[in-house]
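First listed ligand is number 1; within each ligand, the first listed atom is number 1. Only heavy atoms go into these numbers, but all of them, side chains included; no hydrogens, no water, no symmetry mates.
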Amino acid sequence: MLHKNFKNIDRVTYGRGSFSQLAQTIEPVRKENNKYFVFVIDNYFHDKALKNQLQNLPEDLIFYIDVDPHEPTTEQIDQLRDEILSKKGLPSGVIGIGGGSIMDIAKALSLMLTNEGSSTLYQGLNLIKKPGVYHLGVPTISGTGAEVSMTAVLTGPEKKLGLKCDWTVFNQVILDPELIESVPTDWWFYTGMDTYIHCIESESGIRNNAFSLAYGEQALKLCREVYLGDKSGQTADNNDKLMVASIMGGLSLTYSEVGVCHALSYGLSKIHGTRHCFANCVIFQHLGDIYPKGHSEFMNMLKLHKIDLPQQMSKDWDDETLTAMAQVSYNLPFMWNHAFGDNWQEKVNLDYIKSLFKRL
Ligand code: NAD
Ligand code: ZN
């Protein structure tokens with residue numbers, strides 16, 4: 001087995017109010033290329049106080065992006081890249097401020113500013129030819145781990161797949177827990193549970209190891225403090241913890257693997273457009289036999305925070321739909337291998353995966 005040689009974020013600034021250090025952080029990079037920065041910001045902040053705290057200079061380009069109509073697409077990145085290069089040439093760097101969607105847009109844009117042609121050419125592992133420009137991520141929702149991962153997930157005409165390589169990883173992240181205060185409770189739950197599920201899946205499989213487990217155990221401890229017990233809830237102290245849990249969960253899965261819930265989640269998202277973190281929650285509620293301990297804790301967290309998840313979704317799915325969903329999930333062999341071991345194919349086939357989808 002080839003051991004992974006994963007690339008971490010170069011630099012991390014963490015703490016309440018740390019966003020105010022953005023300008024000084026990027027100042028040394030401003031001399032690069034055409035000496036301006038591109039900001040890609042979640043449209044949620046368009047009319048919020050953050051708009052006046054960007055510390056941008058007049059030459060910088062600012063794009064507010066609505067991430068709700070769809071997850072980031074190859075077409076969207078190509079258009080943005082062409083617009084930026086034709087307006088001002090190569091920037092010093094890209095700053096992404098938002099949730100997982102904006103993190104992925106910032107990472108993909110950084111790479112596509114220096115790699116010719118459509119981003120569809122680079123969906124996959126190590127297909128990118130040249131390093132991108134400097135890129136900095138400021139997460140405003142915690143859970144996906146997109147702020148630390150080596151992939152920028154894009155939906156293209158043919159596939160939903162990331163631009164995945166060492167150069168995708170951010171040069172810098174600024175983790176300011178004050179920025180996640182405004183996340184609505186349901187999203188706070190779904191995205192936090194993405195971290196929780198990353199850790200449960202990472203530790204429950206053959207790729208688990210002391211390195212991934214150390215991150216995963218710490219993230220689980222933080223998740224339990226945030227989502228279980230008397231002090232759980234969306235408090236300032238818990239936001240401090242959740243931001244760290246998201247990073248630790250991302251590192252844990254990077255050095256191990258995710259499992260059954262994520263494999264199914266890709267099938268659900270690809271065929272029905274269901275958002276990643278929500279899809280994981282919808283699925284995980286039915287995986288008590290596969291992840292018994294994590295499942296019972298998850299059900300307690302659901303109850304404690306009064307989260308209602310949809311039931312009986314599968315009653316509207318015909319066999320063709322189920323087969324299409326199962327096909328997407330089956331094509332993630334690393335996840336099934338991790339979850340069920342080297343003989344996974346003895347257990348996992350399209351019928352088995354369809355039976356799991358029928359639980360939904
Ligand atoms: P998101 O970025 O899609 O945002 C969800 C919603 O929250 C949006 O309506 C957004 O406007 C809003 N929002 C963002 N910050 C807010 C704040 N502080 N206050 C109030 N509202 C706020 O959410 P997400 O779940 O973080 O990201 C999902 C995306 O991440 C998907 O596109 C998925 O493919 C991707 N993803 C990437 C990775 C990776 O490793 N690259 C991993 C998992 C998921
Ligand atoms: Zn996930």
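In the candidate list Asp104, Ile65, Asn43, Asp104 is nearest to atom 35 (C) of ligand 1, counting heavy atoms. Distances from atom 6 (C) of ligand 1 to the heavy atoms of Thr254, Ile141, Leu253 show the closest one on Ile141.
Which parts of ligand 1 touch Phe45 is read off a 4.0 Å heavy-atom cut-off, strictly below it: atoms 17 (C), 18 (N). Near Pro72, meaning under 4.0 Å from one of its heavy atoms, ligand 1 places the atoms 32 (O).
At a heavy-atom distance under 4.0 Å, atoms from both the backbone and the side chain of Thr144 approach ligand 1. Only the backbone of Leu179 comes within 4.0 Å of ligand 1, counting heavy atoms alone; no side-chain atom from C-beta on gets that close. Contacts between Val67 and ligand 1 below 4.0 angstrom, taking non-hydrogen atoms only, involve the side chain exclusively. Residue-level proximity to ligand 1 for Asp42 is carried by the side chain, the only part with a heavy atom below 4.0 angstrom. Contacts between Tyr266 and ligand 1, counted as non-hydrogen atom pairs separated by less than 4.0 Å, are absent for every part of the residue. Within the 4.0 Å heavy-atom criterion, both parts of Ser101, backbone and side chain, lie near ligand 1. Counting heavy atoms closer than 4.0 Å to ligand 1, residue Cys277 contributes side-chain atoms (C-beta onward) but none from N, CA, C or O. Contacts between Asp68 and ligand 1, counted as non-hydrogen atom pairs separated by less than 4.0 Å, involve the side chain only.
In the model, Gln55 has no side-chain atom that pairs as donor or acceptor with a side-chain atom of Gln24 under 3.5 Å. Judged purely by distance below 3.5 Å, without hydrogens or angles, the side chains of Ser118 and Asp78 pair a donor atom with an acceptor atom. Neither side chain, Asp194 nor Thr144, offers a donor N or O lying under 3.5 Å from an acceptor on the other. With 3.5 Å as the limit, one finds no donor-acceptor pair spanning the side chains of His295 and His286. If you check the side chains of Asn239 and Arg16, you find no donor sitting under 3.5 Å from an acceptor. Side-chain contact check for Ser149 and Lys107: at least one donor-acceptor pair (N or O, by modelled atom type) lies under 3.5 Å. Between the side chains of Asn280 and Ser265, at least one donor N or O lies within less than 3.5 Å of an accepting N or O.
Protein heavy atom at the shortest distance from atom 17 (C) of ligand 1 is Ser182 OG, 3.4 Å. Of the protein's heavy atoms, Ser149 OG, 2.6 Å lies nearest to atom 40 (O) of ligand 1. The protein heavy atom nearest to atom 15 (N) of ligand 1 is Thr140 OG1, 2.8 Å. What sits closest to atom 24 (P) of ligand 1 on the protein, heavy atoms only, is Gly100 N, 3.5 Å. Looking only at heavy atoms of the protein, atom 33 (C) of ligand 1 is closest to Glu71 OE2, 3.9 Å. In terms of protein heavy-atom proximity, atom 38 (C) of ligand 1 is nearest to Ala146 CB, 3.8 Å.
Checked for salt-bridge contact, Glu116 and Lys130 meet the test: a charged N lies under 4.0 Å from a carboxylate O. Looking at Lys87 and Glu83, a side-chain N of the basic residue comes within less than 4.0 Å of a carboxylate O on the acidic one, giving a salt bridge. Look at Lys354 and Asp319 and you find a salt bridge, because one of the NZ, NE, NH1 or NH2 atoms lies within 4.0 Å of a carboxylate O, short of that distance. The pair Asp308-Lys303 does not meet the salt-bridge criterion, since no charged nitrogen lies less than 4.0 angstrom from a carboxylate oxygen. A salt bridge is defined here as a Lys NZ or Arg NE, NH1 or NH2 lying under 4.0 Å from an Asp or Glu carboxylate O, and Glu225 with Lys221 meets this definition. Taking 4.0 Å as the cut-off between side-chain N and carboxylate O, Lys48 and Asp42 do not count as a salt-bridged pair.
Not one N, O or S atom of Cys277 sits under 2.8 Å from the Zn ion (ligand 2).
Under a 4.0 Å heavy-atom criterion, Arg275 is in contact with ligand 1. Residue contacts with ligand 1 leave out Gly98, since none of its heavy atoms falls under 4.0 Å from the ligand. The closest approach between a heavy atom of Tyr190 and any atom of ligand 1 is not below 4.0 Å.
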Is there a ring pair (Phe, Tyr, Trp, His ring centres under 6.0 Å) between Phe6 and Tyr255 once you walk through the steps?
CA-CA 7 Å; Phe6 90 88; Tyr255 217 77; 5.6 Å; yes
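Closest heavy-atom contact between Val148 and Gly250: CG1-CA, 3.9 Å.
Residue His276 approaches the Zn ion (ligand 2) most closely through its N/O/S atom NE2. Nearest N, O or S atom of Asp194 to the Zn ion (ligand 2): atom OD1.
Between the NE2 atom of His198 and the NE2 atom of His262, the angle taken at the Zn ion (ligand 2) works out to 90° after rounding to 10°.
For ligand 1, none of its N or O atoms has an N or O atom of Thr191 under 3.5 Å away. Close N/O approach between His276 and ligand 1 is not found [any backbone or side-chain N/O within under 3.5 Å].
Ring to ring, Trp344 and His338 are not that close: their centroids are 6.0 angstrom or more apart.
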